[in-house]
Amino acid sequence: MLKDKNIALYVTGGIAVYKAVDLLRTFIKEGANVRVGMTESATKFVNPLTFQVLSRNEVHIDTFYESTPEHLAHIHISDWADIAVVAPATTNTIAKIAHGIADNFVTSSLVATKAPVFVVPAMNTDMYENQATQANIQTLENRGIKVLEPDTGFLAEGYEGKGRFPDKERILDELESFIIQHSEDLPLKGYKFLVSAGGTEERIDPVRYITNDSSGKTGYAIARAAYYQGADVQLVTTAEHPLPNAIEKIKVSSADEMYQVIDKLFELTDVLVMTAAVADYKVASQSKSKMKKDELADKIVIELEENPDILKAMGNKKDKQFLVGFAAETENLEEYARKKLEKKNLDMIIANDVSREDTGFNVDFNEVIILTKDDKRFDISRQTKNNIARIVVEKIINELNA
Ligand code: C5P
(Lines give C-alpha, C1' and ligand atoms only; values in the text may rest on other atoms or scores of the structure.)
Protein backbone atom coordinates (compact mmCIF):
# COMPACT_ATOMS: atom_id res chain seq x y z
CA MET A 1 0.00 0.00 0.00
CA LEU A 2 2.81 2.42 0.84
CA LYS A 3 4.93 1.33 -2.14
CA ASP A 4 6.24 4.38 -4.05
CA LYS A 5 4.27 6.78 -1.83
CA ASN A 6 6.07 10.02 -0.94
CA ILE A 7 5.81 10.46 2.83
CA ALA A 8 6.87 13.68 4.59
CA LEU A 9 7.61 12.58 8.15
CA TYR A 10 7.57 15.44 10.65
CA VAL A 11 9.15 14.58 13.99
CA THR A 12 8.51 16.79 17.00
CA GLY A 13 10.10 16.74 20.43
CA GLY A 14 8.95 14.15 22.91
CA ILE A 15 10.46 10.99 24.35
CA ALA A 16 8.64 8.94 21.67
CA VAL A 17 11.00 10.32 18.98
CA TYR A 18 12.99 7.08 19.20
CA LYS A 19 9.84 5.21 18.12
CA ALA A 20 9.58 7.40 15.03
CA VAL A 21 12.90 5.85 13.94
CA ASP A 22 11.25 2.43 13.77
CA LEU A 23 8.23 3.92 12.00
CA LEU A 24 10.55 5.42 9.38
CA ARG A 25 12.23 2.02 8.87
CA THR A 26 8.82 0.44 8.37
CA PHE A 27 7.85 3.05 5.76
CA ILE A 28 11.12 2.37 3.91
CA LYS A 29 10.64 -1.41 4.13
CA GLU A 30 7.14 -0.99 2.67
CA GLY A 31 8.70 0.76 -0.34
CA ALA A 32 7.82 4.39 0.48
CA ASN A 33 10.08 7.40 -0.20
CA VAL A 34 10.51 9.37 3.01
CA ARG A 35 11.79 12.89 3.70
CA VAL A 36 12.11 13.99 7.30
CA GLY A 37 11.61 17.36 8.97
CA MET A 38 12.42 17.75 12.68
CA THR A 39 11.86 20.43 15.28
CA GLU A 40 14.88 21.59 17.30
CA SER A 41 13.50 19.86 20.39
CA ALA A 42 13.12 16.55 18.51
CA THR A 43 16.85 16.65 17.73
CA LYS A 44 17.55 16.68 21.49
CA PHE A 45 16.13 13.14 21.74
CA VAL A 46 17.57 11.49 18.61
CA ASN A 47 20.39 12.73 16.39
CA PRO A 48 19.06 13.76 12.93
CA LEU A 49 21.80 11.63 11.39
CA THR A 50 19.80 8.53 12.36
CA PHE A 51 16.83 9.76 10.30
CA GLN A 52 19.11 10.84 7.46
CA VAL A 53 20.85 7.45 7.22
CA LEU A 54 17.58 5.51 7.33
CA SER A 55 15.67 7.77 4.92
CA ARG A 56 18.70 8.30 2.66
CA ASN A 57 17.64 11.96 2.45
CA GLU A 58 18.75 15.17 4.06
CA VAL A 59 16.88 15.95 7.31
CA HIS A 60 15.40 19.46 7.49
CA ILE A 61 15.47 21.37 10.78
CA ASP A 62 16.15 25.04 10.08
CA THR A 63 13.76 26.94 7.78
CA PHE A 64 16.55 29.38 6.90
CA TYR A 65 19.14 26.79 5.98
CA GLU A 66 18.74 26.16 2.26
CA SER A 67 21.16 23.52 1.00
CA THR A 68 19.70 23.57 -2.55
CA PRO A 69 19.24 27.05 -4.05
CA GLU A 70 16.77 25.81 -6.72
CA HIS A 71 13.92 25.50 -4.25
CA LEU A 72 12.74 26.40 -0.78
CA ALA A 73 13.05 23.21 1.29
CA HIS A 74 9.91 23.63 3.44
CA ILE A 75 7.73 24.30 0.38
CA HIS A 76 9.44 21.65 -1.71
CA ILE A 77 8.84 18.87 0.82
CA SER A 78 5.18 19.85 1.25
CA ASP A 79 4.60 19.90 -2.54
CA TRP A 80 6.45 16.62 -2.98
CA ALA A 81 4.52 14.70 -0.31
CA ASP A 82 1.56 12.40 -1.06
CA ILE A 83 0.95 12.31 2.65
CA ALA A 84 2.25 14.21 5.69
CA VAL A 85 2.75 12.25 8.91
CA VAL A 86 3.46 14.07 12.18
CA ALA A 87 4.91 11.49 14.60
CA PRO A 88 5.28 11.95 17.44
CA ALA A 89 3.15 15.09 17.64
CA THR A 90 3.59 17.12 20.83
CA THR A 91 0.83 19.24 22.36
CA ASN A 92 2.86 22.29 21.30
CA THR A 93 2.99 21.33 17.61
CA ILE A 94 -0.69 20.28 17.63
CA ALA A 95 -1.56 23.73 19.00
CA LYS A 96 0.54 25.43 16.33
CA ILE A 97 -1.02 23.44 13.48
CA ALA A 98 -4.50 24.20 14.85
CA HIS A 99 -3.75 27.93 14.75
CA GLY A 100 -1.75 28.08 11.53
CA ILE A 101 1.44 29.11 13.28
CA ALA A 102 4.54 28.70 11.10
CA ASP A 103 7.58 29.33 13.30
CA ASN A 104 9.88 26.42 12.44
CA PHE A 105 10.57 24.07 9.54
CA VAL A 106 7.89 21.54 10.54
CA THR A 107 5.05 23.97 11.13
CA SER A 108 5.92 26.15 8.10
CA SER A 109 5.93 23.10 5.87
CA LEU A 110 2.63 21.85 7.33
CA VAL A 111 0.90 25.18 6.71
CA ALA A 112 1.96 24.95 3.08
CA THR A 113 1.03 21.33 2.41
CA LYS A 114 -1.94 20.26 0.29
CA ALA A 115 -1.35 16.59 1.14
CA PRO A 116 -3.60 14.80 3.65
CA VAL A 117 -2.17 15.18 7.16
CA PHE A 118 -1.96 12.28 9.64
CA VAL A 119 -1.05 13.08 13.24
CA VAL A 120 0.22 10.66 15.89
CA PRO A 121 0.13 12.39 19.29
CA ALA A 122 2.33 11.12 22.13
CA MET A 123 2.56 12.97 25.42
CA ASN A 124 1.87 12.92 29.13
CA THR A 125 -1.73 12.00 30.09
CA ASP A 126 -2.48 15.35 31.70
CA MET A 127 -1.14 17.24 28.70
CA TYR A 128 -3.22 15.06 26.38
CA GLU A 129 -6.39 15.49 28.45
CA ASN A 130 -5.90 19.23 28.91
CA GLN A 131 -8.89 21.14 27.52
CA ALA A 132 -6.75 23.25 25.19
CA THR A 133 -5.08 20.16 23.69
CA GLN A 134 -8.46 18.47 23.22
CA ALA A 135 -9.94 21.60 21.61
CA ASN A 136 -6.95 21.81 19.26
CA ILE A 137 -7.27 18.13 18.30
CA GLN A 138 -10.96 18.79 17.56
CA THR A 139 -9.97 21.73 15.36
CA LEU A 140 -7.60 19.49 13.38
CA GLU A 141 -10.26 16.80 12.97
CA ASN A 142 -12.83 19.35 11.80
CA ARG A 143 -10.33 20.24 9.08
CA GLY A 144 -10.09 16.63 7.87
CA ILE A 145 -6.77 15.96 9.56
CA LYS A 146 -6.58 12.47 11.04
CA VAL A 147 -5.50 12.45 14.70
CA LEU A 148 -4.80 9.01 16.16
CA GLU A 149 -5.82 8.23 19.69
CA PRO A 150 -2.74 7.48 21.80
CA ASP A 151 -2.39 4.11 23.53
CA THR A 152 -2.90 3.68 27.25
CA GLY A 153 -0.08 2.06 29.21
CA PHE A 154 3.19 2.67 31.01
CA LEU A 155 4.43 6.22 30.42
CA ALA A 156 7.96 7.64 30.65
CA GLU A 157 6.82 9.40 33.86
CA GLY A 158 6.70 6.00 35.54
CA TYR A 159 2.94 5.51 35.81
CA GLU A 160 0.08 4.19 33.69
CA GLY A 161 -1.93 6.57 31.54
CA LYS A 162 -3.17 7.56 28.12
CA GLY A 163 -0.57 9.18 25.89
CA ARG A 164 1.70 6.42 24.60
CA PHE A 165 2.86 6.37 21.00
CA PRO A 166 0.64 3.68 19.42
CA ASP A 167 1.91 0.32 18.19
CA LYS A 168 3.50 0.42 14.76
CA GLU A 169 0.90 -2.06 13.48
CA ARG A 170 -1.98 0.22 14.49
CA ILE A 171 -0.32 3.27 12.96
CA LEU A 172 0.20 1.44 9.66
CA ASP A 173 -3.32 0.08 9.68
CA GLU A 174 -4.89 3.51 10.28
CA LEU A 175 -2.53 5.20 7.85
CA GLU A 176 -3.45 2.78 5.07
CA SER A 177 -7.18 3.33 5.69
CA PHE A 178 -6.60 7.09 5.62
CA ILE A 179 -4.71 6.88 2.31
CA ILE A 180 -7.49 4.75 0.79
CA GLN A 181 -10.12 7.29 1.91
CA HIS A 182 -8.14 10.02 0.13
CA SER A 183 -7.54 8.08 -3.09
CA GLU A 184 -10.42 8.77 -5.45
CA ASP A 185 -9.05 6.85 -8.39
CA LEU A 186 -8.75 3.33 -6.94
CA PRO A 187 -10.21 0.78 -9.37
CA LEU A 188 -12.44 -1.03 -6.84
CA LYS A 189 -14.01 2.08 -5.25
CA GLY A 190 -17.73 1.38 -4.89
CA TYR A 191 -17.37 -2.43 -5.20
CA LYS A 192 -18.46 -4.75 -2.41
CA PHE A 193 -16.26 -7.84 -2.00
CA LEU A 194 -17.24 -10.88 0.03
CA VAL A 195 -14.32 -13.25 0.66
CA SER A 196 -14.32 -16.57 2.53
CA ALA A 197 -11.26 -18.07 4.21
CA GLY A 198 -10.10 -21.10 6.17
CA GLY A 199 -11.23 -24.70 6.52
CA THR A 200 -14.68 -25.22 7.98
CA GLU A 201 -14.96 -27.19 11.21
CA GLU A 202 -17.58 -29.90 11.42
CA ARG A 203 -18.23 -30.87 15.02
CA ILE A 204 -18.21 -34.49 16.15
CA ASP A 205 -18.71 -33.53 19.79
CA PRO A 206 -17.84 -30.43 21.90
CA VAL A 207 -14.11 -31.20 21.83
CA ARG A 208 -13.58 -32.84 18.42
CA TYR A 209 -14.14 -31.81 14.85
CA ILE A 210 -13.20 -32.76 11.32
CA THR A 211 -11.85 -30.15 8.98
CA ASN A 212 -10.01 -29.51 5.72
CA ASP A 213 -6.39 -28.48 5.45
CA SER A 214 -6.28 -24.70 5.06
CA SER A 215 -4.40 -21.90 6.82
CA GLY A 216 -6.73 -19.18 5.54
CA LYS A 217 -3.71 -17.12 4.37
CA THR A 218 -4.85 -16.80 0.77
CA GLY A 219 -8.32 -15.62 1.76
CA TYR A 220 -6.87 -12.99 4.07
CA ALA A 221 -4.43 -11.88 1.36
CA ILE A 222 -7.25 -11.54 -1.18
CA ALA A 223 -9.38 -9.54 1.27
CA ARG A 224 -6.44 -7.20 1.91
CA ALA A 225 -5.52 -6.86 -1.78
CA ALA A 226 -9.12 -5.96 -2.70
CA TYR A 227 -9.29 -3.46 0.17
CA TYR A 228 -6.06 -1.79 -1.00
CA GLN A 229 -7.65 -1.33 -4.41
CA GLY A 230 -10.53 0.55 -2.78
CA ALA A 231 -13.13 -2.22 -2.31
CA ASP A 232 -15.46 -2.41 0.62
CA VAL A 233 -14.57 -5.88 1.99
CA GLN A 234 -16.28 -8.41 4.22
CA LEU A 235 -14.41 -11.57 5.21
CA VAL A 236 -16.21 -14.69 6.40
CA THR A 237 -13.60 -16.85 8.06
CA THR A 238 -12.79 -19.76 10.33
CA ALA A 239 -9.11 -18.74 10.55
CA GLU A 240 -7.42 -15.93 12.53
CA HIS A 241 -4.77 -13.64 11.04
CA PRO A 242 -4.10 -9.88 11.32
CA LEU A 243 -6.44 -7.75 9.23
CA PRO A 244 -6.96 -4.00 8.66
CA ASN A 245 -9.73 -2.68 10.92
CA ALA A 246 -11.73 -1.42 7.98
CA ILE A 247 -12.34 -4.96 6.72
CA GLU A 248 -15.38 -6.45 8.41
CA LYS A 249 -14.51 -9.88 9.78
CA ILE A 250 -17.28 -12.39 10.43
CA LYS A 251 -16.12 -15.46 12.36
CA VAL A 252 -17.84 -18.79 11.62
CA SER A 253 -16.90 -22.39 12.16
CA SER A 254 -19.07 -24.83 10.18
CA ALA A 255 -20.06 -24.94 6.51
CA ASP A 256 -23.70 -24.39 7.54
CA GLU A 257 -22.77 -21.20 9.40
CA MET A 258 -20.65 -20.00 6.49
CA TYR A 259 -23.51 -20.72 4.10
CA GLN A 260 -26.00 -18.73 6.18
CA VAL A 261 -23.74 -15.67 6.37
CA ILE A 262 -22.82 -15.72 2.67
CA ASP A 263 -26.40 -16.33 1.58
CA LYS A 264 -27.56 -13.31 3.63
CA LEU A 265 -24.84 -10.97 2.32
CA PHE A 266 -24.86 -12.17 -1.27
CA GLU A 267 -27.58 -9.88 -2.62
CA LEU A 268 -25.54 -6.75 -1.86
CA THR A 269 -22.25 -8.33 -2.98
CA ASP A 270 -20.55 -7.46 -6.29
CA VAL A 271 -17.71 -9.97 -6.12
CA LEU A 272 -17.68 -13.23 -4.15
CA VAL A 273 -14.30 -14.95 -3.76
CA MET A 274 -14.67 -18.40 -2.19
CA THR A 275 -11.20 -19.19 -0.91
CA ALA A 276 -12.49 -21.27 2.01
CA ALA A 277 -11.87 -25.01 2.10
CA VAL A 278 -15.46 -25.95 2.82
CA ALA A 279 -15.88 -29.48 4.14
CA ASP A 280 -17.99 -31.50 1.75
CA TYR A 281 -19.52 -33.50 4.61
CA LYS A 282 -20.67 -32.86 8.16
CA VAL A 283 -21.35 -35.25 11.02
CA ALA A 284 -24.94 -36.50 10.73
CA SER A 285 -25.66 -36.44 14.45
CA GLN A 286 -23.35 -34.37 16.61
CA SER A 287 -22.93 -35.49 20.19
CA LYS A 288 -23.93 -32.75 22.64
CA SER A 289 -21.55 -34.11 25.30
CA LYS A 290 -17.98 -35.34 24.98
CA MET A 291 -17.83 -38.93 23.70
CA LYS A 292 -15.96 -40.82 26.45
CA LYS A 293 -13.14 -42.96 25.15
CA ASP A 294 -13.68 -45.80 27.65
CA GLU A 295 -17.34 -46.08 26.61
CA LEU A 296 -16.50 -46.36 22.90
CA ALA A 297 -15.80 -49.55 20.98
CA ASP A 298 -12.36 -50.19 19.40
CA LYS A 299 -13.73 -49.11 16.07
CA ILE A 300 -16.40 -46.47 15.65
CA VAL A 301 -18.33 -45.37 12.61
CA ILE A 302 -19.23 -41.71 12.21
CA GLU A 303 -22.02 -41.13 9.75
CA LEU A 304 -21.51 -38.11 7.49
CA GLU A 305 -24.02 -36.19 5.45
CA GLU A 306 -23.48 -33.74 2.64
CA ASN A 307 -22.85 -30.06 3.37
CA PRO A 308 -24.35 -27.34 1.20
CA ASP A 309 -22.14 -26.39 -1.75
CA ILE A 310 -22.07 -22.67 -0.99
CA LEU A 311 -20.46 -21.58 -4.23
CA LYS A 312 -22.76 -23.69 -6.38
CA ALA A 313 -25.80 -22.32 -4.57
CA MET A 314 -24.59 -18.72 -5.17
CA GLY A 315 -23.82 -19.64 -8.80
CA ASN A 316 -27.43 -20.71 -9.20
CA LYS A 317 -28.88 -17.53 -7.81
CA LYS A 318 -26.39 -14.94 -9.08
CA ASP A 319 -27.54 -12.05 -11.26
CA LYS A 320 -24.96 -9.24 -11.38
CA GLN A 321 -22.39 -10.87 -9.05
CA PHE A 322 -18.90 -11.88 -10.22
CA LEU A 323 -18.04 -15.29 -8.76
CA VAL A 324 -14.54 -16.60 -8.13
CA GLY A 325 -13.84 -20.14 -6.93
CA PHE A 326 -10.73 -22.07 -5.99
CA ALA A 327 -9.88 -25.58 -7.11
CA ALA A 328 -7.32 -27.49 -5.09
CA GLU A 329 -6.42 -30.58 -7.09
CA THR A 330 -3.81 -33.33 -7.03
CA GLU A 331 -4.15 -34.36 -10.70
CA ASN A 332 -5.63 -33.15 -14.02
CA LEU A 333 -5.55 -29.64 -12.58
CA GLU A 334 -6.84 -27.63 -15.50
CA GLU A 335 -9.45 -30.11 -16.68
CA TYR A 336 -11.06 -30.48 -13.23
CA ALA A 337 -10.88 -26.74 -12.59
CA ARG A 338 -12.61 -25.90 -15.86
CA LYS A 339 -15.37 -28.44 -15.13
CA LYS A 340 -15.92 -26.80 -11.73
CA LEU A 341 -16.06 -23.35 -13.29
CA GLU A 342 -18.87 -24.52 -15.57
CA LYS A 343 -20.74 -26.66 -13.02
CA LYS A 344 -20.80 -23.89 -10.41
CA ASN A 345 -21.56 -21.11 -12.92
CA LEU A 346 -18.39 -19.15 -12.04
CA ASP A 347 -16.71 -16.22 -13.77
CA MET A 348 -13.20 -17.21 -12.70
CA ILE A 349 -11.44 -20.09 -11.02
CA ILE A 350 -7.99 -20.27 -9.43
CA ALA A 351 -6.51 -23.74 -9.76
CA ASN A 352 -3.60 -24.98 -7.66
CA ASP A 353 -1.81 -28.29 -7.42
CA VAL A 354 -1.87 -29.30 -3.76
CA SER A 355 0.21 -32.44 -4.25
CA ARG A 356 3.39 -30.33 -4.20
CA GLU A 357 5.20 -29.60 -0.96
CA ASP A 358 6.69 -26.22 -1.89
CA THR A 359 3.35 -24.58 -2.70
CA GLY A 360 -0.26 -24.76 -1.51
CA PHE A 361 -1.32 -25.78 1.99
CA ASN A 362 0.26 -24.18 5.06
CA VAL A 363 3.20 -22.58 3.23
CA ASP A 364 3.52 -18.93 2.21
CA PHE A 365 3.96 -19.70 -1.49
CA ASN A 366 1.73 -20.83 -4.28
CA GLU A 367 1.69 -21.37 -8.03
CA VAL A 368 -1.67 -21.17 -9.76
CA ILE A 369 -3.51 -21.12 -13.05
CA ILE A 370 -6.29 -18.55 -13.42
CA LEU A 371 -9.08 -19.55 -15.79
CA THR A 372 -11.99 -17.35 -16.84
CA LYS A 373 -15.47 -18.12 -18.09
CA ASP A 374 -14.52 -16.84 -21.56
CA ASP A 375 -11.55 -19.23 -21.83
CA LYS A 376 -8.72 -16.94 -20.80
CA ARG A 377 -5.85 -18.69 -19.05
CA PHE A 378 -3.05 -17.15 -16.99
CA ASP A 379 -0.15 -19.14 -15.55
CA ILE A 380 1.10 -17.51 -12.37
CA SER A 381 4.57 -18.77 -11.40
CA ARG A 382 5.57 -19.71 -7.84
CA GLN A 383 5.50 -16.65 -5.57
CA THR A 384 4.17 -15.48 -2.20
CA LYS A 385 0.47 -15.85 -1.48
CA ASN A 386 0.34 -12.07 -1.03
CA ASN A 387 1.62 -11.56 -4.57
CA ILE A 388 -0.73 -14.19 -5.95
CA ALA A 389 -3.62 -12.41 -4.20
CA ARG A 390 -2.62 -9.09 -5.79
CA ILE A 391 -2.51 -10.71 -9.22
CA VAL A 392 -5.89 -12.41 -8.71
CA VAL A 393 -7.43 -9.08 -7.71
CA GLU A 394 -5.83 -7.42 -10.74
CA LYS A 395 -7.37 -10.07 -13.02
CA ILE A 396 -10.76 -9.58 -11.36
CA ILE A 397 -10.47 -5.81 -12.00
CA ASN A 398 -9.65 -6.47 -15.68
CA GLU A 399 -12.67 -8.75 -16.02
CA LEU A 400 -15.00 -6.27 -14.27
CA ASN A 401 -13.85 -3.59 -16.72
CA ALA A 402 -13.96 -5.82 -19.81
O1 C5P B 1 -15.95 -28.77 -5.52
P2 C5P B 1 -14.78 -28.22 -4.81
O3 C5P B 1 -14.87 -28.34 -3.33
O4 C5P B 1 -13.46 -28.67 -5.29
O5 C5P B 1 -14.85 -26.66 -5.20
C6 C5P B 1 -14.00 -25.74 -4.67
C7 C5P B 1 -14.66 -24.37 -4.62
O8 C5P B 1 -16.01 -24.47 -4.17
C9 C5P B 1 -13.96 -23.49 -3.64
O10 C5P B 1 -14.02 -22.15 -4.11
C11 C5P B 1 -14.77 -23.69 -2.35
O12 C5P B 1 -14.67 -22.56 -1.52
C13 C5P B 1 -16.18 -23.88 -2.89
N14 C5P B 1 -17.00 -24.80 -2.09
C15 C5P B 1 -18.16 -24.37 -1.49
N16 C5P B 1 -18.95 -25.22 -0.76
C17 C5P B 1 -18.61 -26.52 -0.65
C18 C5P B 1 -17.45 -27.00 -1.26
C19 C5P B 1 -16.66 -26.12 -1.97
O20 C5P B 1 -18.47 -23.17 -1.60
N21 C5P B 1 -19.39 -27.34 0.06
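First listed ligand is number 1; within each ligand, the first listed atom is number 1.
With D280, I262, L341, L323 as candidates, the residue nearest to atom 3 (O) of ligand 1 on a non-hydrogen basis is D280. Of the listed options G199, A276, G325, A276 places a heavy atom closest to atom 11 (C) of ligand 1.
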Next on the checklist: Could you walk me through whether N352 and E367 satisfy the side chain to side chain donor-acceptor pair (under 3.5 Å) test, starting with their C-alpha distance in whole Å, then the side-chain angles of each, then the deciding distance to 0.1 Å, before giving a yes or no?
Outcome noted: CA-CA 6 Å; N352 66 316; E367 179 177 315; over 6 Å; no
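Residues E202 and T200 bring a donor and an acceptor atom of their side chains to less than 3.5 Å of each other. For the residue pair Y159 / N124, a side-chain donor-acceptor distance below 3.5 Å is found, with atom types taken as modelled. S177 and Y227 share a donor-acceptor pair across their side chains, judged by distance under 3.5 Å alone.
Scanning the protein heavy atoms around atom 4 (O) of ligand 1, the nearest turns out to be K340 NZ, 2.4 Å. With respect to atom 16 (N) of ligand 1, the closest heavy atom belonging to the protein is I310 N, 3.0 Å. The shortest contact between atom 15 (C) of ligand 1 and any protein heavy atom is with D309 OD1, 3.5 Å. K344 NZ, 3.8 Å is the protein heavy atom nearest to atom 19 (C) of ligand 1. Annotation: atom 20 (O) of ligand 1 to nearest protein heavy atom, L311 N, 2.8 Å.
With a 4.0 Å cut-off on non-hydrogen atoms, K312 does not touch ligand 1 at all.
Under the 30°/60° scheme for interplanar angles, the aromatic rings of F105 and H74 are found to stand perpendicular.
The shortest N/O to N/O separation between F326 and ligand 1 falls below 3.5 Å. Checking only distances, P308 does come within under 3.5 Å of ligand 1, N or O to N or O.
Each of E248, K249, K192 was checked for a side chain to side chain donor-acceptor pair (under 3.5 Å) with Q234, and the lone residue meeting it is E248.
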